[in-house]
Amino acid sequence: HRVVEDALAGERRCPPYDMLELLRAAADVCEALGDIAGALARTRQAQARYEELVGHSARARYIALQVGHELTHARSERDSAQRNLQRMAELNRALEAKIAETELLHAQLREQALRDPLTGLHNRRYLFEIGPGLIELARRNGTPLCVALIDLDHFKSLNDDHGHQAGDYVLQYFARVLGSGLRRSDVVCRHGGEEFVVLMPEVSIGAAADTMERLLQALRAEPLRHGHRQLPPCAFSAGLAEFPEQGDTLEQLLSRADRALYRAKDAGRARIERAISGHATFT
C-alpha cells in the first residue's frame, strides 16, 4: 500500500496513461486490503483521469479535423487562384491577339480607303491628306515642290472603241509606268477617271517637266495589246505648277496645274505645259 502511495506521490512525473493504470492498480490494492474508502477514491481518480484523457483526445481530434479542413480549403483556394491566374493569362493573350488583329484590320481598312482599287495607286483622299504636310515641309526647308496634273489623251475614245476592260488595262499599265519612272519619294495618286496627280518634293518645275517628258516618250513607244487586239498608241498631257511660285496651298497648285493641262490639251495634246510666274511656256 505504501509503494502505491509513493508512486501516486510522483504523479506529475508519470505519463498520463501510466498514471491511469496506476490508479486502477491502487484501487485494486486498497480493495484487497479492505480499504473500501481508499479503493473508491482511487477508482474515482482513475475515472476522472480517464475522462480528462478522453476529453483531451477528442479535442485534439477536433482540432486536427479543423486544421485538416482549413488546410484542404486553403489548398483548394490556392489551386483555384492558380487556375484563375492561368485563365487570366490565357484571356490576356487572347485579348492582345484580338487587339493586334483589330489594329491590323483597321490599318488594312484605312489603306484600302486611301488606295484606288483598280490601279493600286493612292487616291484623291490620300492626296489631300498628305499634300498639305509636304507643302508645309517645303516651306520650312525653303525647297521647291512641283505638282503635275496628268490626263490620258483620247481615253474616252479608247473605252468606246475597245471597251472598258481595255480602258482599265491601260489605266493599270500607266500606273505601273508612273510607279517605275518616278522616285520613291514622289507621291502618285489617281485623281479620278483617267486623271492622275504627282507630288514631287524638292523638284523644280524644269526638272519635273523633264521627268514628265521622259515618261511621255516611254508610254508612246510601248505598243499595247489587250487580249488579241492591238490598242492605239497611248499618250498623256500634263500641266505643272511649282511651290511657291504658282501657289502656296495644294488647292492653288492644283488649280494652276489644271489650267496648264487645259492649255496642253488645246495645243494638240501629248505635251507638257508649265507655268512660270503666271505665264505658260511649252516644252
Side-chain angles (χ1 to χ4, degrees), residues 102-139 144-159 162-203 205 208 211-212 214-216 218-219 224 226 231 234-243 246-262 264-265 269 272-273:
T102 302
E103 290 177 347
L104 178 61
L105 178 60
H106 284 169
Q108 291 173 344
L109 291 175
R110 173 172 171 76
E111 180 65 16
Q112 291 174 7
L114 299 176
R115 289 278 181 183
D116 171 52
L118 177 64
T119 63
L121 298 177
H122 286 110
N123 57 20
R124 179 185 177 91
R125 178 179 175 182
Y126 181 81
L127 172 67
F128 282 91
E129 281 194 9
I130 198 171
L134 291 176
I135 291 173
E136 180 59 30
L137 182 62
R139 189 193 319 278
L145 179 143
C146 195
V147 173
L149 188 58
I150 306 169
D151 188 86
L152 289 173
D153 295 332
H154 305 295
F155 187 76
K156 184 178 184 304
S157 298
L158 175 68
N159 274 332
H162 298 275
H164 289 281
Q165 288 185 345
D168 289 347
Y169 170 76
V170 170
L171 289 172
Q172 291 170 335
Y173 176 77
F174 184 54
R176 292 194 296 271
V177 169
L178 292 174
S180 62
L182 294 169
R183 304 172 306 168
R184 295 186 65 180
S185 57
D186 295 332
V187 177
V188 186
C189 302
R190 186 183 180 193
H191 198 238
E194 66 274 21
E195 199 169 69
F196 298 80
V197 174
V198 181
L199 301 181
M200 292 177 277
E202 300 182 359
V203 173
I205 196 168
T211 299
M212 290 295 112
R214 175 172 50 80
L215 292 174
L216 175 58
L219 181 64
L224 298 180
H226 182 253
L231 299 179
C234 293
F236 66 82
S237 301
L240 305 178
E242 181 183 352
F243 170 84
Q246 279 77 52
D248 59 2
T249 66
L250 179 61
E251 290 78 7
Q252 291 174 357
L253 293 169
L254 285 172
S255 178
R256 273 296 184 79
D258 187 53
R259 294 178 198 173
L261 172 62
Y262 273 103
K265 293 285 189 181
R269 293 183 170 84
I272 296 95
E273 183 174 320

More than 12 foreign heavy atoms under 6.0 Å from CD of E202: is that the case here? no

Is the OH atom of Y173 crowded by more than 12 outside heavy atoms at less than 6.0 Å? yes

Within a strict 4.5 Å, meaning less than it, do heavy atoms of the [X] and [Y] side chains meet?
X    : Y    : result
D186 : P201 : yes
M212 : M200 : yes
Q172 : L118 : yes
L152 : L171 : yes
V147 : Q246 : no
I135 : L199 : no
V187 : Y126 : yes
I130 : H122 : no

Look up atom [atom1] in [X] and atom [atom2] in [Y], then write down how far apart they are to the nearest 0.5 Å.
X    : Y    : atom1 : atom2 : answer
R176 : L121 : CZ    : CG    : 10.5 Å
L114 : E129 : CG    : CD    : 5.0 Å
S237 : H154 : OG    : NE2   : 8.0 Å
L134 : L250 : CG    : CG    : 9.0 Å
H164 : L158 : NE2   : CG    : 10.0 Å

Heavy-atom pair of closest approach, residues [X] and [Y]:
X    : Y    : result
G247 : Q252 : CA-OE1, 3.4 Å
A241 : R256 : CB-CB, 3.8 Å
C234 : L224 : SG-CD1, 3.6 Å
A238 : A264 : O-CB, 4.0 Å
D248 : R139 : O-NH2, 3.3 Å
C146 : L240 : SG-CB, 4.3 Å

Is R190 reaching over with its side chain to a backbone N or O of N123, donor-acceptor style, under 3.5 angstrom?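 No; judged by distance alone, with no hydrogens or angles, the pair does not exist.
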
Backbone of I205 reached by a side-chain donor or acceptor of E242 within 3.5 Å: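 Answer holds: yes.
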
Residues in ring pair (Phe, Tyr, Trp, His ring centres under 6.0 Å) contact with Y169, at least two apart in sequence or another chain: H226

List for me each residue that meets ring pair (Phe, Tyr, Trp, His ring centres under 6.0 Å) alongside F174, sequence neighbours excluded, and say none if there are none. F196, F236

Side chain to side chain contact (heavy atoms under 4.5 Å, CB included), that's the test. Do V203 and T211 meet it? Break it down for me. CA-CA 10 Å; V203 173; T211 299; 5.7 Å; no

Residues in side chain to side chain contact (heavy atoms under 4.5 Å, CB included) contact with A235, at least two apart in sequence or another chain: D153, L216, R220, A270

Report the C-alpha distance between E251 and F128 in whole Å, list the side-chain angles of each, state the deciding distance to 0.1 Å, and finish with yes or no for side chain to side chain contact (heavy atoms under 4.5 Å, CB included). CA-CA 9 Å; E251 290 78 7; F128 282 91; 3.8 Å; yes

Hey, mind stepping through L215 and L182 against side chain to side chain contact (heavy atoms under 4.5 Å, CB included) and telling me if it holds? CA-CA 9 Å; L215 292 174; L182 294 169; 3.9 Å; yes

Test side chain to side chain contact (heavy atoms under 4.5 Å, CB included) on L178 and I150 and set out the steps. CA-CA 11 Å; L178 292 174; I150 306 169; 4.2 Å; yes

